[in-house]
Amino acid sequence: MAEPKLSVRNLGKTFISDRGTTVALEGVDLDIGDNEFVGLVGTSGCGKSTLLSIAAGLETQSEGEIRIDGADITGPGLDRGVVFQSYTLLPWLTAEQNVEFALRASGRSSAEAASIARDHMRLVGLTGFEKAYPAELSGGMKQRVAIARALSYRPKMLLMDEPFGALDALTRHHMQELLTGIWEQHRLTVLFITHDVEEAVYLSDRVAVMTNRPGRIKKIVPIDLPRPRRYTMAASPEFQALHREVMDAIRSESLAAAGFAEALE
Ligand SMILES: Nc1ncnc2c1ncn2[C@@H]1O[C@H](COP(=O)(O)OP(=O)(O)OP(=O)(O)O)[C@@H](O)[C@H]1O
Ligand SMILES: [Mg+2]
């Protein structure tokens, strides 16, 4: 691989609190190439969000290295856009103002911010809802504003933590198509956490499966399905085989966590 966009080496994270010590990550190694879409899956509590928070600069690692374009990540920055599961819009600003706010923070003039925000509202299919407040938008619409905001200032990398986790199946499906459409046109590097294996396979170039806590990368499954991806591909034998391979890797971890070692023989 050429110089990776994101490079993670021997990353470890230990949380220490009054209630005890939790080793969330230990020896995580992962490279994400420029313009690559990597899905990250693993059992609940294995450390996925912790890894993403460190990449976002919202947490610091206890050991190891994490770099973007060769530079150590030391805090949040406009080179990374972050989208979380829960809607993180500012409720007192309209949809468009939420996007403009991020653009103003990245140093754009108010005229530039207004024009870029309008373009991004169109990109996510929200033309006509620019002046709506978050409380007036559905879950899927709020998440589209969050995606518009994260894309608007042209980060090198998008970090997404179960961005569609709270949505109903149909809206989630639309959002997946929207995201693949944007990604196929605009190309950017994405780390995408999900519990939905089908979603991971559908969207990703590679799916990384984590072990149980302390999390590290257990397996990387390359998804050699053609692009543009189409939803009908989910029915193909190739898709099914990849789904099965990722599922098996997660399943053996969740059985091990539950103490069913014999079921793995
Ligand atoms: N701020 C914190 N302080 C203490 N422990 C934490 C903190 N954040 C996470 N942890 C612990 O680290 C471990 C990994 O948590 P993390 O949220 O990264 O898991 P996850 O893989 O994202 O799980 P899920 O799939 O349920 O979202 C858990 O045991 C969790 O309790
Ligand atoms: Mg999580």
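Computed from a prediction, not measured in an experiment: that's the story for all the values here. Whatever order the structure lists ligands and atoms in, that order sets their numbers, starting from 1.
Residue Trp92 belongs to a hydrophobic cluster whose other members are Leu90, Leu93, Phe101, with links defined by side-chain heavy atoms closer than 4.5 Å.
Counting only protein atoms, the N, O or S atoms lying less than 2.8 Å from the Mg ion (ligand 2) are Ser49 OG, ordered by chain and residue number.
Between the side chains of Thr194 and Glu199, at least one donor N or O sits under 3.5 Å from an acceptor N or O.
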Could you go through ligand 1 and note, for every N or O atom, any protein N or O atom closer than 3.5 angstrom, writing the atom names and distance to 0.1 Å, or 'none'?
{"residue": "ligand 1", "atom": "18 (O)", "partner": "Ser49", "partner atom": "N", "Å": "3.4"}
{"residue": "ligand 1", "atom": "18 (O)", "partner": "Thr50", "partner atom": "N", "Å": "2.9"}
{"residue": "ligand 1", "atom": "18 (O)", "partner": "Thr50", "partner atom": "OG1", "Å": "2.5"}
{"residue": "ligand 1", "atom": "19 (O)", "partner": "Gly47", "partner atom": "N", "Å": "3.4"}
{"residue": "ligand 1", "atom": "21 (O)", "partner": "Cys46", "partner atom": "N", "Å": "3.2"}
{"residue": "ligand 1", "atom": "21 (O)", "partner": "Gly47", "partner atom": "N", "Å": "3.0"}
{"residue": "ligand 1", "atom": "21 (O)", "partner": "Lys48", "partner atom": "N", "Å": "2.9"}
{"residue": "ligand 1", "atom": "21 (O)", "partner": "Lys48", "partner atom": "NZ", "Å": "2.9"}
{"residue": "ligand 1", "atom": "22 (O)", "partner": "Ser49", "partner atom": "N", "Å": "2.9"}
{"residue": "ligand 1", "atom": "22 (O)", "partner": "Ser49", "partner atom": "OG", "Å": "2.8"}
{"residue": "ligand 1", "atom": "23 (O)", "partner": "Gly45", "partner atom": "N", "Å": "2.8"}
{"residue": "ligand 1", "atom": "25 (O)", "partner": "Lys48", "partner atom": "NZ", "Å": "2.7"}
{"residue": "ligand 1", "atom": "25 (O)", "partner": "His195", "partner atom": "NE2", "Å": "2.9"}
{"residue": "ligand 1", "atom": "26 (O)", "partner": "Ser44", "partner atom": "OG", "Å": "2.5"}
{"residue": "ligand 1", "atom": "29 (O)", "partner": "Arg213", "partner atom": "NH1", "Å": "2.8"}

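Side-chain N or O atoms of Gln61 include none that pairs as donor or acceptor with a backbone N or O of Ile54 at under 3.5 Å. Here the side chain of Arg122 pairs no donor or acceptor atom with the backbone of Thr127 at under 3.5 angstrom. Although no hydrogens or angles enter the test, the distance criterion places no donor-acceptor pair under 3.5 Å between the side chain of Arg216 and the main chain of Gly27.
Checked against Met157 for a side chain to side chain contact (heavy atoms under 4.5 Å, CB included), the options Leu188, Asp79, Ile32 give a single hit: Ile32.
Between Phe37 and Phe192, the ring planes lie tilted relative to each other; the angle falls in the 30° to 60° range.
Val23 and Ile217 fall into different hydrophobic clusters, defined by Ile, Leu, Val, Met, Phe, Trp and Tyr side-chain heavy atoms under 4.5 Å apart, directly or through other members.
Screening residues 44-60 for side chain to side chain donor-acceptor pair (under 3.5 Å), with sequence neighbours left out, gives Ser49-Asp161.
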